[in-house]
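Please read all numbers here as calculations on a predicted model, not as lab measurements.
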Amino acid sequence: MNFEIKILKTKRLTLIPLISSHAKELYDGYCDPKIYEFINSDIPESLDWLSHQFSIIQSGNIVSLKGENLKLYDWVIYENLSNKAIGRSEFTIYPNGKCNVAYTLFPE
């Protein structure tokens, strides 16, 4: 499946493809312990660690723990009125064509 990741816009939100440099503006949101009530993950070890994770995601190709080749498509979610990053959306495509959709919205 070929899919070009693009900027997506609505009246309220803009979704911009995730790149490693987004870690700086998302780091504080990912350090808020409130979001981990619903996310099976840990608070980032450091800004550099988060940036490295985003660079892996940015590559678009990940191998799962089961050895499956996955395709990842991630966007930073911006609220247009404030032009502030408020979270992230994720799409994971599996070899069988199934897709997981997830999102993280920061409590603020």
Side-chain angles (χ1 to χ4, degrees):
M1 170 188 300
N2 289 331
F3 179 78
E4 182 183 341
I5 191 164
K6 297 180 180 181
I7 293 175
L8 305 171
K9 285 188 127 180
T10 69
K11 284 185 179 183
R12 282 191 59 219
L13 303 172
T14 299
L15 280 66
I16 296 180
L18 179 76
I19 57 174
S20 61
S21 62
H22 284 125
K24 187 172 184 176
E25 65 186 307
L26 297 177
Y27 182 71
D28 288 343
Y30 274 104
C31 286
D32 189 325
K34 293 178 207 159
I35 67 171
Y36 296 95
E37 180 178 344
F38 305 105
I39 298 174
N40 186 20
S41 185
D42 295 322
I43 292 175
E45 298 171 15
S46 66
L47 176 57
D48 287 339
W49 181 89
L50 187 62
S51 179
H52 177 70
Q53 295 304 307
F54 286 178
S55 68
I56 293 169
I57 292 167
Q58 182 180 346
S59 77
N61 298 298
I62 302 291
V63 177
S64 75
L65 295 175
K66 296 179 181 179
E68 301 170 296
N69 290 317
L70 308 176
K71 290 296 239 175
L72 300 180
Y73 302 101
D74 288 46
W75 288 264
V76 178
I77 304 169
Y78 288 90
E79 194 264 332
N80 291 337
L81 191 59
S82 67
N83 197 33
K84 184 174 181 181
I86 61 169
R88 188 174 116 212
S89 62
E90 311 170 27
F91 294 78
T92 304
I93 313 286
Y94 292 86
N96 64 6
K98 291 188 179 185
C99 176
N100 280 351
V101 178
Y103 61 91
T104 302
L105 295 174
F106 303 137
E108 187 181 315

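Heavy atoms only, all atoms of each residue included: K6 and W75 are closest at O-NE1, 2.8 Å. Pairing each heavy atom of T10 with each of N80, the nearest pair is O-ND2, 3.0 Å. Residue V76 comes nearest to A85 through the heavy atom pair CG1-CB, 3.8 Å, listed as atom of the first residue, atom of the second, then distance. When all heavy atoms of G29 and I35 are compared, the closest pair comes out as O-CD1, 3.7 Å. Closest non-hydrogen pair, Y36 versus P44, comes out as OH-CD, 3.4 Å.
With sequence neighbours left out, the side chain to side chain donor-acceptor pair (under 3.5 Å) criterion links N69 to no other residue. Remark: S20 engages S51, F54, S55, Q58 in a side chain to side chain contact (heavy atoms under 4.5 Å, CB included) (not counting sequence neighbours). For D48, the side chain to side chain contact (heavy atoms under 4.5 Å, CB included) partners are S46, not counting sequence neighbours. For K98, the side chain to side chain contact (heavy atoms under 4.5 Å, CB included) partners two or more places apart in sequence, or in a different chain, are N96. In this structure, Y103 has no ring pair (Phe, Tyr, Trp, His ring centres under 6.0 Å) partners at least two apart in sequence or on a different chain.
The OG1 atom of T92 lies 11.0 Å from the CD atom of E68; values are rounded to the nearest 0.5 Å. Rounding to the nearest 0.5 Å gives a distance of 3.5 Å between NE2 of H52 and CD1 of I56. With rounding to the nearest 0.5 angstrom, the OG1 atom of T14 is 8.0 Å from the CD1 atom of I7. Distance NZ/K66 to OH/Y94: 8.0 Å, rounded to 0.5 Å. Expressed to the nearest 0.5 Å, how far CD of E45 lies from SG of C31 amounts to 11.0 Å.
For residues 25-34, the side chain to side chain donor-acceptor pair (under 3.5 Å) pairs, not counting sequence neighbours, are E25-Y78, Y30-R88.
Between L72 and F91, every side-chain heavy-atom pair lies at or beyond the 4.5 Å cut-off. Inter-residue side-chain proximity for S89 and D74 is flagged as unmet; no heavy-atom pair is nearer than 4.5 Å.
The only option from L13, L26, T104 that meets the side chain to side chain contact (heavy atoms under 4.5 Å, CB included) definition with I77 turns out to be L13.
In this structure, I86 is a member of the same hydrophobic cluster as V101, with clusters built from ILVMFWY side-chain heavy atoms closer than 4.5 Å. Residues L50 and I16 share a hydrophobic cluster, clusters being chains of Ile/Leu/Val/Met/Phe/Trp/Tyr side chains in contact below 4.5 Å. Clustering ILVMFWY residues whenever any of their side-chain heavy atoms sit less than 4.5 angstrom apart, transitively, puts I93 in the very cluster that holds L8. Both W49 and L47 are part of a single hydrophobic cluster, where members link through side-chain heavy atoms under 4.5 Å apart.
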